[in-house]
Engineer: 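Take a look at the following structure, please.
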2 protein chains.
Amino acid sequence: MKHDVVQLLTGRAIQPSAHRVAVAQYVLSTEDHPSAERVWESVKARFPMISRATVYNTLNLFVEKGLLRELHLSPDSVVFDPNTDPHHHLIDEETGSIHDISWDRVKVAAIANVDGYEIHDYQVVMRGTKK
Amino acid sequence: MKHDVVQLLTGRAIQPSAHRVAVAQYVLSTEDHPSAERVWESVKARFPMISRATVYNTLNLFVEKGLLRELHLSPDSVVFDPNTDPHHHLIDEETGSIHDISWDRVKVAAIANVDGYEIHDYQVVMRGTKK
DNA sequence: GTTCGTGCAAACGGTTTGCAACAAT
DNA sequence: ATTGTTGCAAACCGTTTGCACGAAC
């Protein structure tokens, strides 16, 4: 597992420092969509000396290198999504938690040729509550 | 026009103070999706004495009363949408500008019964560039 | 004279940045 | 020696808040 992460980093031209590996291990294996602050807390459990700045820099680097995606769904903070394949999102209106919805669970038609724009990317953002 | 705005405010139990009317006139008539800062700048042109805090408070009040919607599509700032009917959004990846896409321009199917959640609301968020 | 809107400035919170120290090669 | 990573603290910026003033009814 640690091995896989190192490969993932080097495969994207990211030097696999200890801190980066620790961040990657956490953020790539969680089902959550953690904020930077949350990543920091989790990684600190095993690397108490890691600084907030390093976590922020590392996450930004990962986004830049395509290992993670940033989501801007809430005003509170940016969250990170280890799932870089196309998919949709469901936001629990009570808890604020974000759930992935697989691409084929939702059918979207007639996206092309909107307003003379070329669409590079789209997703459905849903809000709801557990029933 | 000013008359309409006053009616809109009173109809939502908002006291139509001069500042609130000025904010409403601007934000309800623009095609843009302005940030609070942008609203402030625009309103200041005619009401130079209006304070930032008042603009923020006013916009939040309008959202609370259902006159506006907040959009959290960019990490930079919250923007406000005078169009409270269901519709989709297209974000210009170059300029960051946000465009409304009418509800029936996009067909979304099979939204119901996702993960035991009840969906209250959804929209398609697209990103692209002018071609 | 109580209620409500407003301005100001300070506080806040998430994020970025400058800089000095350090590690790796 | 050079290059790249890290920690710290300060800066930053959008937004909220406390408080005192002032207007309206």
Engineer: If I take atom NE2 in residue His72(B) and atom C1' in nucleotide dG14(C), what distance separates them, rounded to the nearest angstrom?
Structural biologist: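 After rounding, the reported distance stands at 15 Å.
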Engineer: Calculate the interatomic distance between Asn60(B) atom CG and dG14(D) atom P; express it in whole Å.
Structural biologist: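 Computing the Asn60(B):CG to dG14(D):P distance gives 16 Å.
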Engineer: Can you check whether Tyr56(B) has a side-chain N or O nearer than 4.0 Å to OP1 or OP2 of dT15(D)?
Structural biologist: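 So the side chain of Tyr56(B) is within the cut-off, an N or O lying under 4.0 Å from OP1 or OP2 of dT15(D).
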Engineer: Can you confirm whether or not the ring centre of His99(B) sits under 6.0 Å from the ring centre of His33(B)?
Structural biologist: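 Between His99(B) and His33(B), the centre distance exceeds or equals 6.0 Å.
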Engineer: Using whole Å, report how far CZ of Arg38(B) lies from C1' of dT15(D).
Structural biologist: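 Atom-to-atom, Arg38(B) to dT15(D), this comes out as 18 Å.
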Engineer: Will you find, in the side chains of His87(A) and Gln123(A), an N or O donor that is under 3.5 Å from an N or O acceptor?
Structural biologist: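 Side-chain D/A pair, His87(A) to Gln123(A): absent.
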Engineer: For Glu64(A) and dT5(D), what is the distance between atoms CD and C1' respectively, to the nearest whole Å?
Structural biologist: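 My rounded result for the distance is 15 Å.
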Engineer: Check the interface with nucleotides 6-13 of chain C: list each N/O to N/O pair with the protein under 3.5 Å, or write none.
Structural biologist:
{"residue": "dT6(C)", "atom": "OP1", "partner": "Ser17(B)", "partner atom": "OG", "Å": "2.7"}
{"residue": "dT6(C)", "atom": "OP1", "partner": "His19(B)", "partner atom": "ND1", "Å": "3.4"}
{"residue": "dT6(C)", "atom": "O3'", "partner": "His19(B)", "partner atom": "ND1", "Å": "3.4"}
{"residue": "dG7(C)", "atom": "OP1", "partner": "Met49(B)", "partner atom": "O", "Å": "2.4"}
{"residue": "dG7(C)", "atom": "OP2", "partner": "Ser51(B)", "partner atom": "N", "Å": "2.8"}
{"residue": "dG7(C)", "atom": "OP2", "partner": "Ser51(B)", "partner atom": "OG", "Å": "3.1"}
{"residue": "dG7(C)", "atom": "OP2", "partner": "Thr54(B)", "partner atom": "OG1", "Å": "2.6"}

Engineer: Please give, in whole Å, the distance from dA23(C) C1' to Gln15(A) CD?
Structural biologist: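 These atoms are roughly 11 Å apart.
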Engineer: Nearest whole angstrom, please: distance from the P of dC8(D) to the NZ of Lys44(A).
Structural biologist: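 Interatomic distance, NZ of Lys44(A) to P of dC8(D): 11 Å.
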Engineer: Look at the aromatic rings of Tyr122(A) and His88(A) and report parallel, tilted or perpendicular, splitting at 30° and 60°.
Structural biologist: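 Because their plane-to-plane angle lies in the 30° to 60° range, the rings of Tyr122(A) and His88(A) count as tilted.
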Engineer: Roughly, in whole Å, what's the span from CZ in Phe80(B) to P in dG14(D)?
Structural biologist: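 For the pair Phe80(B) CZ and dG14(D) P, the rounded distance is 13 Å.
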Engineer: Ignoring hydrogens and angles, state whether a donor on the side chain of His72(A) or Asp76(B) is under 3.5 Å from an acceptor on the partner side chain.
Structural biologist: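 Judged by distance alone, the side chains do not pair up.
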Engineer: Please check: side-chain N/O of Thr30(B) versus main-chain N/O of Val27(B), any donor-acceptor pairing under 3.5 Å?
Structural biologist: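 Between the backbone of Val27(B) and the side chain of Thr30(B) there is no qualifying donor-acceptor contact (under 3.5 Å).
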Engineer: Taking the side chain from Arg20(A) and the backbone from Gln15(A), do they hold a donor-acceptor pair closer than 3.5 Å?
Structural biologist: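 Present.
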Engineer: For Trp40(A) and dG14(C), give me the distance from atom CH2 to atom C1', rounded to whole Å.
Structural biologist: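 Those two atoms, CH2 and C1', are 12 Å apart.
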